Amino acid sequence: MLVVMKAQATPEEIQAVCEHIEQLGFRAHPLPGAQRTAIGITGNQGEVDRGNLEALSGVAEVIRVSKPYKLASRDVKEEDTVIRFAGTDAAIGGRDLAIIAGPCAIENRDQAFAIAEQVAAAGAQFFRGGAYKPRTSPYAFQGLGVEALRIMADIRFRYGLRIVTEAIDNESLDRVAEYADVIQIGARNMQNFSLLKRAGKLRKPVLLKRGLSATLDEFLMAAEYIMSEGNYEVILCERGVRTFADHARNTLDLSIVPAVQRLSHLPILVDPSHGTGRRDSVLPMARAAVATGADGVLVEVHHQPDKALSDGPQSIYPDQFVRMMDEIEQIAPVVGRHLPRGIHIEIAAG
Ligand code: PEP
Ligand code: MN
């Protein structure tokens with residue numbers, strides 16, 4: 001159910017409706033929009049008695065949401081969600097494209113800084129790097145853990161880049177939440193419901209990658225798990241799915257971009273690195289992602305990919321990253337977007 005407030009409803013009226021919903025034993029999710037606030041109701045098994053709600057002061061109407069996902073749905077919030085990063089001009093969603101670049105894993109300080117310097121110079125606003133790696137083999141490099149998080153905190157300080165890094169379980173989630181600007185939940189964990197709920201209790205943006213064989217509904221329901229706990233800052237990311245095709249590591253499903261945008265207000269990024277697994281396919285698919293209308297791109301960049309401890313074959317060289325930026329900067333205006341080059345940090349007065 002969704003309570004649509006009148007455009008002129010006061011904060012007190014919105015608060016009173018939320019309290020009424022909570023008193024009924026449900027959860028209220030106020031979702032401010034450009035014109036008016038809507039309040040999503042979750043936790044109800046059947047219909048909520050709409051008569052009482054409609055009688056409350058400031059309420060315009062009460063609507064049933066028929067989709068299985070509620071808070072992630074465009075029915076509940078018409079305008080696109082834009083996630084902003086306090087003290088900077090960076091945003092995910094909206095007109096500006098978000099570019100997240102960096103190595104698959106943080107391997108050591110020198111490697112991380114060498115790559116960060118180059119992606120910052122090319123104009124990325126976000127730096128990625130795995131501290132906790134979900135590897136297919138238990139014998140493969142598992143990441144440096146907190147040491148990697150500290151290195152990324154130093155990169156943030158030095159270059160201003162906002163940090164995106166993955167949490168793989170409850171323990172790493174708490175640590176990642178301390179250091180990161182965006183918490184990544186990987187494809188293998190897209191349906192780890194306890195992890196999703198825990199991430200939903202945090203107040204930090206979550207980048208949720210599509211599961212290896214997840215349908216669109218499953219993907220949006222995973223986002224709903226996070227949002228149902230009160231964290232509405234979810235960024236979706238297409239990263240390829242398993243198909244019969246064997247010319248690439250995965251099949252990058254760009255058709256999900258318009259499908260998500262039709263059904264949901266959440267931003268959607270595309271990861272052509274895991275989506276193809278091949279360096280020579282990353283640039284063409286990054287260009288295509290922007291042309292499709294994605295809100296940005298996440299790519300793996302390494303200055304010495306043949307020495308990389310993970311995902312070397314799909315990591316592009318820094319000079320290819322520069323080319324990617326130049327190309328998508330040209331494509332962006334064709335689809336009504338803009339590529340910001342570099343991040344601007346507000347210097348606090350005083
Ligand atoms: C990653 O981004 O490094 C990663 C492990 O991605 P995915 O979860 O999409 O495989
Ligand atoms: Mn990787």
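Remember, predicted model here, so these are calculated numbers, not experimental data. Remember, it's 1-based here, ligands and their atoms both numbered in the order they're listed.
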Would you say His274 and Gln314 are linked by a side-chain donor-acceptor pair, where the criterion is simply a distance under 3.5 Å? yes
Counting from 1, what ligand 1 atoms have a heavy atom of Glu300 closer than 4.0 Å? 3 (O)
Under a 3.5 Å threshold, yes or no: a donor from one side chain and an acceptor from the other, between Glu19 and Gln23? no
Among side-chain atoms of Asp253 and Ser255, is any donor-acceptor pair under 3.5 angstrom? yes
Numbered atoms and elements of ligand 1 in range of Gly186, under 4.0 angstrom, heavy atoms: 8 (O)
Please determine if Ala187 has a nitrogen or oxygen closer than 3.5 Å to a nitrogen or oxygen of ligand 1. yes
Taking only non-hydrogen atoms of Gln184, do any sit less than 4.0 angstrom from ligand 1? yes
Do Thr276 and Ser281 have a side chain donor and acceptor closer than 3.5 Å? no
Decide whether Thr42 and His29 meet the rule of one side-chain donor and one side-chain acceptor closer than 3.5 Å. yes
Using a cut-off of 2.8 Å, how many protein N, O or S atoms lie below it in distance from the Mn ion (ligand 2)? 4
If the cut-off is 4.0 Å to any non-hydrogen atom of Arg239, which atoms of ligand 1 fall inside it? 7 (P), 9 (O), 10 (O)
Any donor-acceptor N or O pair under 3.5 Å, side chains His265, Asp80: no
